[in-house]
**Q** 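The structure under discussion is supplied below as structure tokens; questions concerning it will follow.
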Amino acid sequence: MGSIMQEVALNEVRFFSPIGYYPEERLLGNEFFVDFSVSFPFENDHADDLNNTLNYEELYGLLCKVMKKDRQLLESAAAEILDEAKSRYPFATKIVVAIRKTTPPFGVDHIHTRVSLTYRQS
Ligand SMILES: Nc1nc2c(c(=O)[nH]1)N=C([C@H](O)[C@@H](O)CO)CN2
């Protein structure tokens with residue numbers, strides 16, 4: 001038989017957020033791109049009904065709530081997104097969040113930094 005898994009994802013969602021270890025980064029803000037996906041078993045006899053799936057607009061709302069907060073590290077934003085998604089979607093078997101900072105100020109000509117967290121239901 002086999003089983004079907006579903007992934008609902010947002011890719012490269014752009015934010016301008018006050019996240020950075022150094023106070024001036026939080027003052028000036030920076031550009032971030034977030035990838036976020038939630039996976040769960042596809043058991044859906046009415047696959048054309050938005051009430052029978054995970055509405056990705058909700059995922060966007062969650063990202064907006066977390067990414068507007070002042071904080072020091074990408075890890076802290078990623079962990080809050082993951083925790084909130086785990087509690088909102090207990091049926092999720094896998095959740096991945098990755099946050100990319102496009103212009104980290106440490107003297108490199110061109111670099112993006114990226115922190116990601118993955119949750120797997122045990
Ligand atoms: N693992 C991490 N390392 C660093 C972070 C971070 O969020 N996670 N942040 C910084 C500074 O904010 C950086 O962007 C400036 O160089 C440093 N290291």
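For the single chain, residues carry numbers from 1 onward in sequence order. In listed order, ligands and their atoms are each counted from 1.
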**Q** Going by the order shown, which atoms of ligand 1 are within less than 4.0 Å of some heavy atom of Pro104?
**A**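 By the 4.0 Å cutoff, the relevant atoms are 14 (O).
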**Q** Is any side-chain heavy atom of Ile95 less than 4.5 Å from a side-chain heavy atom of Lys86?
**A**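 Side chain of Ile95 against side chain of Lys86, heavy atoms only: contact under 4.5 Å found.
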**Q** Evaluate the side-chain contact (heavy atoms from CB on, under 4.5 Å) criterion for residues Val38 and Glu7: first the C-alpha distance (whole Å), next the side-chain angles of each, then the deciding distance (0.1 Å), finally the verdict.
**A** CA-CA 6 Å; Val38 179; Glu7 179 190 76; over 6 Å; no
**Q** Is the shortest distance from atom 14 (O) of ligand 1 to a protein heavy atom below 4.0 Å?
**A** yes
**Q** Could you list the atoms of ligand 1 found under 4.0 angstrom from a heavy atom of Lys101?
**A**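 It comes down to these atoms of ligand 1: 11 (C), 12 (O), 13 (C), 14 (O).
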**Q** Looking at Gly20, which atoms of ligand 1 are within less than 4.0 Å of one of its heavy atoms?
**A**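 Heavy-atom distances to Gly20 below 4.0 Å select 12 (O).
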**Q** Are Glu80 and Arg71 within salt-bridge range, i.e. N to O under 4.0 Å?
**A** yes
**Q** What pair of heavy atoms forms the shortest contact from Tyr21 to Glu25, and how long is it?
**A** N-OE1, 3.1 Å
**Q** Answer yes if the side chains of Thr53 and Asn44 hold a donor-acceptor pair under 3.5 Å, and no otherwise.
**A** no
**Q** Which residue and non-hydrogen atom of the protein lie closest to atom 12 (O) of ligand 1, and at what distance in Å?
**A** Glu25 OE1, 2.6 Å
**Q** With rounding to the nearest 0.5 angstrom, report the OH to NZ distance, Tyr60 to Lys65.
**A** 15.0 Å
**Q** Can you check atom 17 (C) of ligand 1: any protein non-hydrogen atom closer than 4.0 Å?
**A** no
**Q** Give me the residue, atom name and distance of the protein heavy atom closest to atom 6 (C) of ligand 1.
**A**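 So the nearest neighbour among protein heavy atoms is Leu73 CD2, 3.5 Å.
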**Q** Looking at atom 7 (O) of ligand 1, what's its closest protein heavy atom, distance included?
**A** Leu74 N, 2.9 Å
**Q** At what distance is the nearest protein heavy atom to atom 10 (C) of ligand 1, and which residue and atom is it?
**A** Tyr21 CB, 4.0 Å
**Q** Could you check atom 8 (N) of ligand 1 against the protein and tell me its nearest heavy-atom contact, residue, atom and distance included?
**A** Glu75 OE1, 2.8 Å
**Q** So, Arg100 side chain and Phe32 main chain: donor-acceptor pair closer than 3.5 Å or not?
**A** no
